[in-house]
Amino acid sequence: MIPRGSGAAPHGDLRILLVEDDIGDAKAVLRAFRKVRISNAITRAADGIEALDILRGTGGKERIQPPFVLLADINMPRMNGIDLVRELRKDPELSGTAVFFLTTSRHDQDIDAAYGLNAAGYIVKETAGRDFLQLVEMVGRYWRIVEFPAAAT
């Protein structure tokens, strides 16, 4: 686990919701996290609708407990990553969710939409290719130094 920080919520307890429809890309993310010894709980959703079910505890899905970070692809079936984050920002319980986009899209409209929704970061998968471990380490450093609110009791 990530060493515990001095913040309100222990960083070792931080969960990751990976929203990725491509099984190969999802496995690559999981391998990269293991390789840099980040062993926080990772839950995968195949699209935005499944992610919302996990975040809200609906549709027969167990609700992910805070604190958590969302890693989301943009191009997915049923509900894409941009639409997912739009829904999150409208939900008072989920509006403050930290979101990183991890996607193949280099379109300016997607980048603008992501940051317009207060994304914590936008990473193009192809760019991350050879530097993917550095990307994962960066995400790990992010939640080692950022203070997260305590989980609601």
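We use all heavy atoms of the structure for the numbers below, so side chains are in, but hydrogens, waters and symmetry mates are not.
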(message) Using the rule given for side chain to side chain contact (heavy atoms under 4.5 Å, CB included), can you reason through Leu70 versus Val99, listing the C-alpha separation, both sets of side-chain angles and the distance that settles it, and then say yes or no?
(response) CA-CA 5 Å; Leu70 190 79; Val99 177; 3.7 Å; yes
(request) Could you tell me whether the side chain of Tyr115 and the main chain of Tyr122 form a donor-acceptor pair under 3.5 Å? (result) yes
(message) Around atom CD of Gln109, are there more than 12 heavy atoms from other residues, nucleotides or ligands closer than 6.0 Å?
(response) yes
(request) Determine the minimum heavy-atom distance between Val124 and Thr104, stating which atoms define it. (result) CG1-O, 4.1 Å
(request) Starting at CG of Asp83, measure out to CG of Asp47 and round the result to the nearest 0.5 Å. (result) 11.5 Å
(message) Is the shortest side-chain heavy-atom distance between Leu88 and Leu94 below 4.5 Å?
(response) yes
(request) Walk me through it: do Met79 and Ile49 pass the test side chain to side chain contact (heavy atoms under 4.5 Å, CB included)? (result) CA-CA 6 Å; Met79 178 185 278; Ile49 291 174; 3.8 Å; yes
(message) Measuring from atom CD1 of Ile111 to atom CD1 of Ile74, what distance do you get when rounded to the nearest 0.5 angstrom?
(response) 8.0 Å
(request) Return yes if some donor-acceptor pair links the side-chain N/O of Arg78 with the main-chain N/O of Gly48 below 3.5 Å, else return no. (result) no
(request) Of all the heavy-atom pairs spanning Met76 and Gly81, show the shortest one and how long it is. (result) CE-N, 3.5 Å
(message) Can a donor-acceptor pair be found, under 3.5 Å and without considering hydrogens, that links the side chain of Arg89 to the backbone of Leu117?
(response) yes
(request) Could you walk me through whether Ile82 and Phe101 pass side chain to side chain contact (heavy atoms under 4.5 Å, CB included), step by step? (result) CA-CA 9 Å; Ile82 297 293; Phe101 284 99; 4.0 Å; yes
(request) Among Leu84, Asn80, Asp73, find the one that has a side-chain contact (heavy atoms from CB on, under 4.5 Å) with Val19. (result) Leu84
(message) Can you confirm whether Arg56 sits close enough to Glu87 that some side-chain heavy atom of one is under 4.5 Å from a side-chain heavy atom of the other?
(response) yes
(message) As a test of understanding, state which of Leu55, Ile54, Leu52 forms a side-chain contact (heavy atoms from CB on, under 4.5 Å) with Lys61.
(response) Ile54
(request) Examine distances only and state if a side-chain atom of Asn40 and a backbone atom of Leu14 form a donor-acceptor pair shorter than 3.5 Å. (result) yes
(request) Please round to the nearest 0.5 Å and tell me the distance separating atom OG1 of Thr43 and atom CD of Gln65. (result) 10.5 Å
(request) Kindly compute the distance separating CD1 (Ile42) from CD1 (Ile16), expressed to the nearest 0.5 Å. (result) 4.0 Å
(request) Hey, could you give me the OG1/CZ distance between Thr58 and Arg63, rounded to the nearest 0.5 Å? (result) 9.5 Å
(message) With rounding to the nearest 0.5 angstrom, report the CD to CG distance, Glu20 to Leu71.
(response) 10.0 Å
